[in-house]
Amino acid sequence: QIQMSNSLTSELNINEGVYDWLSSANFKRLVFMYGGSSAGKSFTFKQWIVLEKILKEKNKVFGFFRKTNPALKVSVYKFIKEFLDQINIKYHENKTDQVITYGDNKIFFCSLDDPEKYKSTEFNYIWLEEFTEYTIEDFRRLYISLRRQSFDGRLNQMFCLWNPISKTHWIYTTFFMGKSAYKYHV
């Protein structure tokens, strides 16, 4: 089990308020993080998902998504690899399939250039970076794939990160107008 020292927290420049907020969301299946551009959402989230989920939990399957593969490679995939290297974590990388393995955890870096590719894949955790890029159909398809058995009793979760949107966008009309069918943590 990884223990974070205060010196590591300082060295990594962790936003403790956001980090603690994410940790408080362990009992919600759907977690929303939105805020202005350069607000540090993705930066803090990548630290948290690595330190609290990938390094501490066992036998998990992670799906980290962007709408397109070029965007995925220069953002989420790059962020996670750089962070693992920064904290000296040894991992195995399959560059062809864009999969990183740490212990018995697998991290799939996925785009929806070909949505059928992940139709039958089951995940414990999903990260949708730039959530506004996705359609409601993309969201529903991925939400259903959040069904992999969790052997430690932890809740499977989807994390959606985005910048502010128009009140006519499907995210706003689906989740913030009236009663939503989905339970979430904002």
Side-chain angles (χ1 to χ4, degrees), residues 1-28 31-35 37-111 118 121-131 142 145-146 148-163 185:
Q1 188 126 337
I2 305 296
Q3 294 295 324
M4 264 198 331
S5 67
N6 287 338
S7 63
L8 181 60
T9 302
S10 305
E11 182 182 319
L12 296 177
N13 195 25
I14 289 176
N15 179 327
E16 292 184 43
V18 175
Y19 197 95
D20 292 345
W21 177 85
L22 281 163
S23 295
S24 75
N26 276 333
F27 302 103
K28 295 292 183 182
V31 180
F32 291 153
M33 284 183 75
Y34 62 93
S37 182
S38 300
K41 298 176 301 294
S42 300
F43 182 80
T44 304
F45 182 78
K46 80 162 179 220
Q47 293 172 325
W48 180 83
I49 196 79
V50 168
L51 296 171
E52 298 300 326
K53 299 296 182 184
I54 294 169
L55 299 183
K56 289 184 178 179
E57 296 185 17
K58 305 233 180 285
N59 194 21
K60 299 293 181 172
V61 176
F62 298 81
F64 292 170
F65 287 83
R66 280 294 300 264
K67 183 73 172 180
T68 67
N69 204 49
L72 176 75
K73 286 181 178 180
V74 299
S75 61
V76 176
Y77 195 24
K78 180 181 172 211
F79 296 162
I80 295 297
K81 284 176 39 175
E82 286 175 351
F83 188 61
L84 289 169
D85 292 341
Q86 178 187 1
I87 60 174
N88 297 311
I89 298 299
K90 303 294 180 227
Y91 58 89
H92 178 265
E93 178 183 12
N94 177 328
K95 290 181 182 181
T96 304
D97 293 334
Q98 296 181 174
V99 176
I100 286 178
T101 304
Y102 172 77
D104 58 0
N105 290 334
K106 290 201 178 299
I107 309 161
F108 291 85
F109 294 88
C110 316
S111 67
Y118 301 103
T121 307
E122 297 180 348
F123 298 102
N124 297 107
Y125 295 106
I126 293 175
W127 170 13
L128 299 180
E129 180 67 9
E130 301 297 348
F131 188 39
L142 292 171
S145 70
L146 198 60
R148 186 173 183 275
Q149 183 176 354
S150 182
F151 298 97
D152 59 7
R154 293 179 196 254
L155 183 66
N156 290 346
Q157 293 181 286
M158 177 181 279
F159 301 91
C160 305
L161 285 65
W162 76 92
N163 297 323
H185 186 75

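Since we're looking at a predicted model, the values are computed, not measured.
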*Look up atom CG in N15 and atom CD in Q47, then write down how far apart they are to the nearest 0.5 Å.*
8.5 Å

_Atom pair OH/CG of Y125 and L155 - distance to nearest 0.5 Å_ = 7.5 Å

*Validation row: T121, S145 side chains within 4.5 angstrom (heavy atoms)*: no

_Criterion side chain to side chain contact (heavy atoms under 4.5 Å, CB included) on K67 and L128, from CA distance to verdict_ = CA-CA 9 Å; K67 183 73 172 180; L128 299 180; over 6 Å; no

*Tell me, do Q98 and K73 make a side-chain contact under 4.5 Å, heavy atoms counted?*
yes

*Measure the CD1-OG1 distance between I49 and T44 for me, rounded to the nearest 0.5 Å.*
13.0 Å

*How about F131 and F65: do any of their side-chain heavy atoms sit closer than 4.5 Å?*
no

*Would you call the rings of F45 and W48 parallel, tilted or perpendicular, where under 30° means parallel and over 60° means perpendicular?*
tilted

_Using side-chain hydrogen bond (donor to acceptor under 3.5 Å, both in side chains), reason through N26 and S24 one step at a time and then give a plain yes or no._
CA-CA 6 Å; N26 276 333; S24 75; over 6 Å; no

Review item, side-chain donor-acceptor pairs of residues 89-96, under 3.5 Å, at least two apart:
from: Y91; atom 1: OH; to: D85; atom 2: OD1; distance (Å): 3.0
from: E93; atom 1: OE2; to: Y77; atom 2: OH; distance (Å): 2.7
from: E93; atom 1: OE2; to: K81; atom 2: NZ; distance (Å): 3.0
from: N94; atom 1: OD1; to: T96; atom 2: N; distance (Å): 3.1
from: N94; atom 1: OD1; to: D97; atom 2: N; distance (Å): 2.9
from: N94; atom 1: ND2; to: D97; atom 2: OD2; distance (Å): 3.3

*For the residue pair M33 and V18, establish whether any side-chain heavy-atom pair is separated by less than 4.5 Å.*
yes

*Hey, mind stepping through K46 and V76 against side chain to side chain contact (heavy atoms under 4.5 Å, CB included) and telling me if it holds?*
CA-CA 8 Å; K46 80 162 179 220; V76 176; over 6 Å; no

*Check whether any side-chain heavy atom of D152 lies under 4.5 Å from a side-chain heavy atom of N59, and answer yes or no.*
no

*asked:* Could you check whether any side-chain N or O of D20 sits under 3.5 Å from a backbone N or O of G17, counting only pairs where one atom can act as donor and the other as acceptor?
replied: no

*Pairwise side-chain contact, F64 with I107, heavy-atom cut-off 4.5 Å (strictly under)*: yes

*asked:* Distance check, rounded to the nearest 0.5 Å: I126 atom CD1 versus L146 atom CG?
replied: 4.5 Å

*With a cut-off of 6.0 Å (strictly less than), are more than 12 heavy atoms of other residues, nucleotides or ligands near NZ of K106?*
no

*When the ring centroid of W127 is compared with that of F159, is the distance short of 6.0 Å?*
no

_Steps toward salt bridge (Lys or Arg N to Asp or Glu O under 4.0 Å) verdict (D104, K60)_ = CA-CA 7 Å; D104 58 0; K60 299 293 181 172; over 6 Å; no

*May I ask you to decide whether E57 forms a salt bridge with R154, counting only side-chain N to carboxylate O separations under 4.0 Å?*
yes

*Would you check if N156 and F123 make a side-chain contact, meaning some heavy-atom pair closer than 4.5 Å?*
no

*Please test L51 against L12 for side chain to side chain contact (heavy atoms under 4.5 Å, CB included), starting from the C-alpha separation and ending with a verdict.*
CA-CA 11 Å; L51 296 171; L12 296 177; 4.1 Å; yes

*asked:* As a quick check of understanding, evaluate side-chain hydrogen bond (donor to acceptor under 3.5 Å, both in side chains) for E129 and S42, giving each step before the final call.
replied: CA-CA 8 Å; E129 180 67 9; S42 300; 2.4 Å; yes

_F43/F79 under side chain to side chain contact (heavy atoms under 4.5 Å, CB included): CA gap, chis, key distance, verdict_ = CA-CA 8 Å; F43 182 80; F79 296 162; over 6 Å; no

*Closest approach of S111 and N69, non-hydrogen atoms and distance?*
CB-N, 3.2 Å

*Pair N105-K53, side-chain hydrogen bond (donor to acceptor under 3.5 Å, both in side chains): steps then yes or no*: CA-CA 10 Å; N105 290 334; K53 299 296 182 184; over 6 Å; no

*asked:* Donor-acceptor pair, distance only, cut-off 3.5 Å: does the side chain of Q157 make one with the backbone of N124?
replied: no

_With a 4.5 Å cut-off on side-chain heavy atoms, are I80 and F109 touching?_
yes

